[in-house]
Amino acid sequence: MQLVTNDHVSKPSSARRLKKIGQYAFLIVLMLIVVSPFLLGFWTSFLPTSQISKGALWGKLSLANYWAAFTTTPILRYLFNSIVIASLTTVAQVVFCSMSAYAFVFLKFKGRKFLFYAFLATMMLPFEAEVIPNFMTVKSMGLLNHFAVMVVPFMATAFGTFMLRQSFLQIPKELKEAADIEGLNHWQFYYRITLPYSRISIVTLAAYSFLTSWNQYLWPMLTTFSDNFRPVQDGLRQLQSSETFNNWGMIQASACIVVIPTLIVLFIGQHYFKAGLNEGSVK
Amino acid sequence: MKQHRIIGLLGLLLVFVLIVSGCAIGHASATATAPREKIVFWHEMTGPAADQLKKFATQFNASQKKYQIVPEFEGTYNEAVQKILQTHGTSASPAIFQSMDVSTSELYHAKVATPMQHFIDKDHYNMNQIAAVPRAFYSQGGKQISMPFNTSQPVLYYNTSLLKRLGIKAPAKDPSYSDITAVAKQIQAKSKGKVNGMTVEEYGWLFEQFMANSNEHMANNENGRQGVPTAVNFDQPGAKKAMQWIQTNVKNKDIINFGSGSTAETNEMAAFLAGKLGIFMQSSADIGNLTSGMKDKLGICYFPHADGQKANGVSIGGASLWIGNDKSKSVQQGAWEFAKFLVNAKNQAIWEKITGYMAINKQAAKEPILKNLFAKQPMVAVPGEQLARTKPNTANSGIFMEDVVQERTLTQTAMQQVYNNGNIGKALKTATDSMNAAIKNNNKASGLTK
Amino acid sequence: MLQRLPKQVDNSLPSLNLAAKYKLTDSGYAIVFLGPTLMLLVAFVFYPMLKTLYMSFFLTNDFGKTTAFVGLSNYVSLITSSSYLSSLGATLVFVLAVSILTVVLGVALAVTANQELKGIRLFRTLFSATMGVSVSVAAIFWLFAFNPSVGVFAQLSQALHLPVVNWLTDPKSAMVAIIISTVWMNLGFTFLIIFGALQSVPKSLYEAADIVGISKLTQLFKVTIPMISGTLFFVMIVTLIEAFKSFGLIDMMTEGGPDNATNLLVYRIYQDAFINGNFAQGSTESILLTIIIAIFTLIQFKFLGKRVHY
């Protein structure tokens with residue numbers, strides 16, 4: 001809604017000002033709803049726990065909680081684990097999904113249609129409903145309690161294939177024809193033309209798979225048993241449940257340590273994300 | 001333009017990755033040591049107990065050069081049982097693990113551990129130094145299946161200073177339900193509602209204790225001590241009386257409900273420490289937390305019993321140490337050395353002082369650490385006194401049954417219904433039926449009965 | 001661009017040569033290009049589904065091995081169990097509430113942020129902030145807010161002399177608390193999608209509406225929402241499916257309680273399989289969950305199919 005741009009000049013300026021105040025007031029109310037949990041978290045992360053447990057929301061501000069989180073908990077190790085897991089997953093997904101998407105768009109082979117529908121069908125099957133046999137599979141593969149257990153099952157997805165396929169379909173037919181005439185084989189066409197041509201979708205998929213991997217909670221909880229491999233989501237759960245004292249200050253600081261980097265990346269990359277997201281969905 | 005932004009973003013991410021990995025690797029290399037046999041130790045301790053276990057591990061590692069104990073926290077007791085069973089035989093499984101009292105039967109039948117008796121015999125270890133009640137609890141057919149470790153009693157805590165300030169008489173040492181209600185009511189009234197009278201966590205373990213203290217068997221075959229249990233019954237007069245007591249108090253707002261699970265435990269403790277809660281019922285293992293975090297004077301008395309009835313006594317709670325049978329001989333040997341280290345007199349004395357779990361090594365009482373503690377804080381001795389006056393029988397020696405985890409979930413749910421004003425008989429009946437169906441299935445599945 | 005690429009030496013008979021080569025190598029290439037993904041999907045999606053189905057007809061022992069065949073009896077006992085049915089009911093309430101509230105709030109945020117005001121970009125950025133929040137962080141923030149003794153809500157009601165709500169221990173309010181937290185987590189993503197859609201609505205439509213004298217509120221319902229209805233439906237169904245899979249917030253905030261009020265389907269699977277050790281029952285519940293989610297995914301496909309051509 002373009003509430004302001006069409007303002008009539010004839011309106012008295014006081015009414016306009018009133019309207020503007022109203023608009024800002026509404027914006028601020030909505031903003032408070034969205035950010036107050038953050039504010040509360042950030043604020044209390046600087047307060048001494050003794051104050052918080054009295055129910056007070058003021059006191060001497062300090063970085064003590066952050067210091068405690070960094071020195072007495074493996075929070076950095078958790079972050080490191082998550083970054084390793086999410087990066088490996090992302091790279092693998094981009095490679096495998098783009099390859100399979102390429103096959104569906106540019107290769108003619110028997111059973112293509114059938115396979116494509118089979119791929120689509122997997123999108124109906126929630127991973128959450130398959131954890132039991134998957135747990136047994138990774139157990140028999142000897143992957144339990146290792147980075148691989150959180151990467152291998154997610155190295156390729158039907159969703160990623162589908163998304164990149166949609167993007168590869170946009171590549172002009174003439175380009176492929178020209179490449180055929182030039183004598184490019186499929187590897188060359190895939191590597192030199194398809195990937196650069198669809199880079200926006202590929203980066204979107206990368207961002208998406210990174211975030212999805214970063215947010216994994218149930219699977220790592222079932223398959224990791226040591227702080228050396230535990231990703232940050234389960235690390236936080238671990239910290240929260242092992243604190244019998246309700247050390248709220250430290251817990252909030254740990255949560256902030258985890259959320260601040262993602263917020264910074266999000267804010268800087270916001271315009272980019274927006275473009276990518278809308279491309280990925282429907283307009 | 002767009003590409004620049006992407007590159008900038010990736011660059012930022014890279015810098016972040018480098019910083020974090022630098023720190024994390026720095027951490028890792030600091031703990032790396034010369035080649036030793038790695039002994040992974042799974043535990044479910046939190047707070048000061050977890051810190052103390054880490055200290056024990058460090059001390060043990062420093063005391064010798066052959067083994068490296070690596071303690072790992074594995075969440076709640078309930079979570080850990082399945083983790084132990086499901087990782088058995090893989091490289092992820094622990095060499096030595098702590099598992100709760102009521103999982104004993106399940107782990108025993110699953111044959112995941114080398115019986116402790118094996119090491120005791122080989123080493124001619126003197127088991128007589130270990131207290132008789134916990135020793136019996138973790139034995140079957142006269143053989144030690146696991147090593148008793150953290151052993152607790154459920155007790156009732158109150159804030160002595162708060163009661164004094166409000167001019168309320170402290171409850172009797174062996175209180176009845178209505179004794180406790182009276183105190184809770186006064187707290188509520190005299191503090192003008194500023195302090196909550198009491199709380200009882202929605203927790204299956206406490207439910208078991210209500211039944212034990214009323215001399216009722218939860219499972220048939222005398223709680224599984226005379227044979228594999230084939231049915232349970234939660235819907236018995238003693239259990240009902242306890243639930244009735246709680247429900248009435250919830251209705252009268254003398255009980256504040258903190259819910260269930262680890263969050264509930266931390267919340268009730270936080271409220272108690274902050275002087276916002278007068279009385280609560282919990283494991284004696286909380287003593288360590290309470291004495292170190294409380295400015296007020298702590299009071300402890302026995303687990304309450306029904307009015308006009310003698311207390312039958314409550315069972316011990318806690319956990320024991322098991323040595324996995326899927327690791328090499330030398331790893332198992334290292335695990336055994338660590339187990340011995342944990343239960344020696346000095347360490348048990350430290351353990352009791354720090355945590356509130358009762359020392360299971362009889363010699364621990366002679367250690368100056370404990371002597372001083374009891375002299376300074378006589379109430380800390382109350383759990384031990386409660387245990388000492390209990391005459392062991394099959395109702396108060398724990399439940400030797402598979403799937404007790406499920407029993408705890410179900411009784412916890414029943415308690416939640418009771419707290420939220422549900423029909424007590426119905427809640428207990430539903431839980432009984434669900435548990436009996438589960439027992440039937442599980443006994444069939446694991447071939448314990450036909 | 002193509003000029004720079006290496007040229008094949010022999011181009012004398014391109015059409016014949018290529019056609020022959022094309023047919024011959026395509027299937028080979030397909031194996032290479034599709035092979036890894038196919039193998040992964042077979043191992044971690046197709047096979048587990050069949051295995052889950054298989055296990056749901058058996059009883060399992062402590063180690064998850066199938067022991068006794070019981071036919072459909074796992075299904076029968078599940079569907080007749082009042083506790084499972086109440087979980088199912090709770091899940092339905094949860095997903096509906098979450099998806100509707102998410103979309104309504106998402107529209108409110110997007111419409112408000114779609115004004116030309118000074119500093120509006122700051123608001124837009126802040127509105128999308130929850131996208132950067134992972135589940136455990138959200139759980140910790142909200143656990144603190146709902147805490148009965150130090151939480152903000154408890155303190156507010158105390159200050160205003162209102163009865164303190166036991167947010168996470170009363171079955172009804174625990175559900176509300178979980179819904180609030182989930183909706184909050186969803187908001188950033190939803191806002192971005194809806195906002196993107198709003199920006200593509202032609203401005204001329206509003207100008208025309210202004211000239212005719214249609215009020216802003218009427219414009220919202222007669223112009224804006226119909227123009228972005230496709231996106232709204234998309235967001236709604238995606239949120240719905242994701243809500244069915246909720247796990248992390250429940251695990252950290254209520255552990256499925258109190259009185260199973262927040263024991264939603266996925267949490268139940270976890271609890272039955274990985275806490276109670278009953279893998280057969282977990283498998284049976286998994287199959288039922290799959291059926292439910294498959295139905296909604298089909299609806300989503302049908303909708304996507306209209307917009308995305310094969």
Side-chain angles (χ1 to χ4, degrees), chain A residues 1-6 23 26-27 30-31 34-35 37 41 52-53 55 96 99-100 102-103 107-109 122-126 128-130 132-134 153 155-156 178 180-183 186 215 217-218 222 233 236-237 240 248 251 255 258-259 262-263 266-267 270 274 277-278 281-283, chain C residues 2 5 7-8 14 18 26-27 29-30 33-34 36-37 40-41 44-45 48-49 51-52 109 111-112 114-116 123 125-127 131-137 140-141 150 155 192-193 196 200 206 210 216 224 230 234 245 247-248 252 266 273-274 279 282-283 286 289-290 293-294 297 307:
Chain A
M1 275 200 303
Q2 310 297 310
L3 291 172
V4 187
T5 44
N6 305 320
Q23 286 171 329
F26 196 58
L27 269 171
L30 283 178
M31 184 202 67
V34 174
V35 301
I52 303 173
S53 54
F96 291 140
M99 279 167 65
S100 51
Y102 184 90
L107 296 176
K108 292 202 175 61
F109 54 91
T122 65
M123 285 165 70
M124 293 193 289
L125 308 177
E128 287 76 2
E130 305 188 318
I132 295 170
N134 276 333
M155 289 199 302
D180 285 345
I181 293 167
E182 295 289 326
H186 281 298
N215 282 328
Y217 183 97
L218 172 61
L222 301 177
Q233 304 304 328
L236 276 182
R237 170 186 198 262
Q240 200 262 334
W248 272 114
I251 296 287
V258 175
V259 80
T262 42
L263 280 185
L266 183 76
F267 288 164
Q270 202 217 9
K274 215 167 6 190
L277 276 174
N278 280 306
S281 74
V282 282
K283 271 186 197 156
Chain C
L2 284 170
L5 298 170
K7 287 187 180 182
Q8 200 147 337
L18 273 171
D26 252 20
S27 307
Y29 272 116
F33 273 84
L34 210 51
T37 307
L40 284 162
L41 289 185
F44 294 106
V45 184
M49 203 74 262
K51 183 79 197 278
T52 309
L109 290 180
V111 167
T112 323
N114 199 22
Q115 305 174 92
E116 301 299 330
F123 286 99
T125 306
L126 290 176
F127 283 178
M131 227 188 101
V133 179
S134 48
V135 59
S136 53
V137 173
I140 286 174
F141 284 169
V150 300
Q155 303 223 31
L192 279 186
I193 300 268
S200 64
Y206 297 111
D210 275 336
K216 299 289 178 198
T224 312
F234 170 81
K245 304 181 192 169
F247 179 82
M252 281 183 74
V266 173
F274 293 95
F279 281 53
S283 299
S286 296
L289 174 72
T290 306
I293 289 188
T297 317
R307 324 206 133 225

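Here is the naming used below: chain letters follow the sequence lines, and residue numbers restart at 1 for every chain.
Heavy-atom distances place the side chain of Tyr102(A), and not its backbone, under 4.5 Å from chain C. For Val266(C), the part lying under 4.5 angstrom from a heavy atom of chain A is the side chain only. Contact annotation for Ile140(C): both backbone and side-chain heavy atoms come within less than 4.5 Å of a heavy atom of chain A. The contact between Leu222(A) and chain C is made entirely by side chain atoms (from C-beta outward), counting heavy-atom distances below 4.5 Å. Heavy-atom distances place both the backbone and the side chain of Leu109(C) under 4.5 Å from chain A. For Phe279(C), the parts lying under 4.5 angstrom from a heavy atom of chain A are both the backbone and the side chain.
Looking at heavy atoms from C-beta onward, Gln233(A) lies in side-chain contact with Ser136(C) at the 4.5 angstrom threshold. Contact check for Ile132(A) versus Phe274(C): side-chain heavy atoms found under the 4.5 Å cut-off.
For the residue pair Pro48(C) and Pro133(A), the shortest heavy atom distance occurs at O-CG, 3.3 Å. The heavy-atom pair separating Ser100(A) from Thr37(C) by the smallest distance is OG-OG1, 3.4 Å. Shown here for Arg237(A) and Met252(C), the closest heavy-atom pair between the two residues is CA-CE, 3.9 Å. The two atoms that bring Met31(A) and Phe123(C) nearest to each other are SD-CE2, 3.9 Å, heavy atoms only. Among all heavy-atom pairs drawn from His186(A) and Tyr29(C), the shortest one is CD2-CD1, 3.3 Å. Nearest heavy-atom pair, Ser286(C) versus Ala129(A), reported as atom, atom and distance to 0.1 Å: CB-O, 3.1 Å.
Looking only at heavy-atom pairs under 4.5 Å with chain C, the residue among Val259(A), Leu263(A), Leu236(A), Val258(A) that has the most is Leu236(A). In terms of non-hydrogen atom pairs under 4.5 Å with chain C, the most contact-rich of Val35(A), Leu30(A), Thr262(A) is Leu30(A). Residue with the most contacts toward chain A among Ala273(C), Ser283(C), Gly132(C), Gly282(C): Gly132(C) (heavy-atom pairs, distance under 4.5 Å). The candidate from Gly41(A), Ala103(A), Pro37(A) with the greatest count of non-hydrogen atom pairs under 4.5 Å with chain C is Pro37(A). Of the listed residues Thr290(C), Val45(C), Leu41(C), the one with more heavy-atom pairs under 4.5 angstrom with chain A than any other is Val45(C).
Between the CZ atom of Phe96(A) and the CG atom of Leu40(C) there is a distance of 6.5 Å, given to the nearest 0.5 Å. We find the CZ-CG distance between Phe127(C) and Leu27(A) to be 5.0 Å, quoted to the nearest 0.5 Å.
Residues meeting the ring pair (Phe, Tyr, Trp, His ring centres under 6.0 Å) test with Tyr217(A), sequence neighbours left out: Phe247(C). Under the rule for a salt bridge (Lys or Arg N to Asp or Glu O under 4.0 Å), the partners of Lys245(C) that lie at least two apart in sequence or sit in another chain are Glu242(C).
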